[in-house]
Amino acid sequence: MLDSPFSDLDRPPLSQTALTRALVRPGGLWTDITVVGRTGSTNADLAQAARDGAPQGTVVVAEAQSAGRGRLGRVWSAPPRSGLAFSVLLRPEPSPSRQGWLPLLVGLAAASAVRRIAEVEARLKWPNDLLVGERKLAGVLAERVDGAVVVGVGLNVSIRAEELPVETATSLAIEEAACVDRDPLIRAVLREIETHYHEWSEADGDADACGLRAAYLGLSATVGRDVRVELPGERVLTGRAVGVDGAGHLLVESQGSTHTLSAGDVVHVRPHVP
């Protein structure tokens, strides 16, 4: 049972009314914003809404998730109101071959908002994590549902060190961010998503024409690093991440060949210090 929204004064609830008033406007991307106290997974909720015909720009925000998911089926959990857990429903017009940029676009938007509002130097680990140093601050999960794409974001905001699910995670509070108020943070993230998505759509999904690839590479923590990539079928590729192609795939040089990866679990290899 979720406690009263006001039981932890350091973690006030989000206002659906205030977010709707601030973000939903004629001609804008966001069409409906719902804040729920608890749900299993905002991605699962929006996937069903997409099947039921919900419009582009539908947003579901959860104060707590009981079945939040990361990539590869991993469980993602956090104390109620300690982070931002939300999903957005997009119905992109660019071809599916260019839609691999959507999770990267949302990750870039989240990182840009965090850097601007929270003044924390978040960077992007391909394909879907926000890092501070080598610690995970946020994750992005995109899923195709019929002709729509649902993209979920989980951002650790006020989680304390003793509440972290794993030692390799962090939060804005732990990083001593300038802002740990979730209301301006989610407004900033959604506005950044809207801007990037509009530009990407106007360019028919061309990540170079709209500047998306350059902006993403500017915040990439992966490109230029030695990596170990765990691929489907228990295969492992080690090499140097050298770029991201026009479809959003990671390019890895290994043993004289360049490999193009559309999926995989990337581990940054720490440089050897003599």
Side-chain angles (χ1 to χ4, degrees), residues 19 22-33 42-43 46 50 55-61 84-131 137-145 147-155 179 184-223 243-250 262:
L19 292 176
L23 295 164
V24 177
R25 67 186 195 283
L29 174 60
W30 308 120
T31 53
D32 182 79
I33 298 176
T42 57
N43 260 34
L46 263 193
Q56 171 166 272
T58 302
V59 182
V60 174
V61 187
L84 289 174
F86 66 94
S87 298
V88 302
L89 172 58
L90 304 172
R91 295 188 179 278
E93 293 183 1
S95 69
S97 65
R98 291 178 165 178
Q99 292 175 17
W101 273 102
L102 288 174
L104 281 65
L105 181 157
V106 171
L108 173 64
S112 299
V114 163
R115 293 169 74 94
R116 180 165 54 85
I117 301 295
E119 299 178 16
V120 167
E121 297 296 304
R123 296 183 71 81
L124 297 161
K125 175 185 171 187
W126 187 91
N128 67 331
D129 289 346
L130 273 66
L131 303 181
L137 177 69
V140 177
L141 179 66
E143 301 177 88
R144 192 179 303 281
V145 183
V149 177
V150 173
V151 189
V153 177
L155 171 66
C179 174
L185 285 166
I186 192 170
R187 293 186 191 202
V189 174
L190 288 172
R191 285 173 176 146
E192 290 275 358
I193 293 173
E194 180 171 13
T195 297
H196 287 299
Y197 184 72
H198 175 74
E199 293 171 349
W200 176 80
S201 298
E202 286 289 300
D204 193 30
D206 186 326
D208 288 313
C210 66
L212 177 59
R213 178 155 61 167
Y216 182 88
L217 292 174
L219 291 185
S220 176
T222 300
V223 175
V244 176
D245 73 7
H249 301 153
L250 184 66
S262 60

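- Under the 3.5 Å distance criterion, with hydrogens and angles disregarded, no donor-acceptor pair is assigned to the side chains of Thr58 and Asp32.
- For the side-chain contact (heavy atoms from CB on, under 4.5 Å) criterion with Ile186, the lone passing option out of Val61, Leu155, Val153, Leu23 is Val61.
- When all heavy atoms of Ala148 and Ala50 are compared, the closest pair comes out as CB-CB, 4.2 Å.
- Summarising the geometry, atom CG belonging to Leu105 is positioned 10.0 Å from atom CD belonging to Glu192; distances are rounded to the nearest 0.5 Å.
- Checking side-chain atoms of Trp101 against main-chain N and O of Asp206 turns up no donor-acceptor pair under 3.5 Å.
- Panel note: side chain Asn43, backbone Leu141; a donor-acceptor pair is recorded below 3.5 Å.
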(message) Between Leu130 and Leu124, is the side-chain contact (heavy atoms from CB on, under 4.5 Å) condition met? List the steps.
(response) CA-CA 5 Å; Leu130 273 66; Leu124 297 161; 3.9 Å; yes

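- Here the OG1 atom belonging to Thr42 is positioned 12.0 Å from the CG atom belonging to Leu89, to the nearest 0.5 angstrom.
- Counting all heavy atoms, side chain and backbone alike, Ala209 lies closest to Ala203 at CB-CB, 4.2 Å.
- For the pairing with Gln56, the side-chain contact (heavy atoms from CB on, under 4.5 Å) check across Val88, Val149, Leu29 returns one residue only, Leu29.
- Considering all non-hydrogen atoms of both residues, Arg187 and Ala22 come closest at NH1-CB, 3.4 Å.
- Between Leu250 and Gly243, the shortest heavy-atom distance links the atoms CD1-O, 3.6 Å.
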(message) For Ile193 and Trp30: C-alpha separation, side-chain torsions, deciding distance, then whether side-chain contact (heavy atoms from CB on, under 4.5 Å) applies.
(response) CA-CA 10 Å; Ile193 293 173; Trp30 308 120; 3.8 Å; yes

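- A distance of 11.5 Å separates CG in Leu219 from CG in Leu104, rounded to the nearest 0.5 Å.
- With rounding to the nearest 0.5 angstrom, the NE2 atom of His196 is 7.0 Å from the CG atom of Leu212.
- Put simply, the side chain of Thr222 gets close to the backbone of Trp126: a donor and an acceptor are under 3.5 Å apart.
- Considering SG of Cys210 and NE2 of His198, their distance stands at 11.0 Å, rounded to 0.5 Å.
- For the atom pair Glu194 CD and Arg25 CZ, the distance stands at 4.5 Å (nearest 0.5 Å).
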(request) Apply side-chain contact (heavy atoms from CB on, under 4.5 Å) to the pair Arg191 and Thr195, showing each step before the final yes or no. (result) CA-CA 6 Å; Arg191 285 173 176 146; Thr195 297; 5.5 Å; no

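- Scanning both residues, Pro103 and Val140, for their nearest heavy atoms gives O-CG1, 3.9 Å.
- A donor-acceptor pair under 3.5 Å is formed between the side chain of Gln99 and the backbone N or O of Pro94.
- For the pair Arg123 (side chain) and Ser220 (backbone), a donor-acceptor distance under 3.5 Å is present.
- In terms of modelled atom types and a separation under 3.5 Å, the side chain of Asp129 and the main chain of Leu131 share no donor-acceptor contact.
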(request) Please report the C-alpha distance between Leu102 and Trp200 in whole Å, then the side-chain angles of each, then the deciding distance to 0.1 Å, and finally whether the side-chain contact (heavy atoms from CB on, under 4.5 Å) criterion is met. (result) CA-CA 9 Å; Leu102 288 174; Trp200 176 80; 3.7 Å; yes

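- Judged by distance alone, the side chain of Arg98 and the main-chain N or O of Ala207 form no donor-acceptor pair under 3.5 Å.
- When every heavy atom of Leu185 is checked against every heavy atom of Ala118, the shortest pair comes out as CD2-CB, 4.3 Å.
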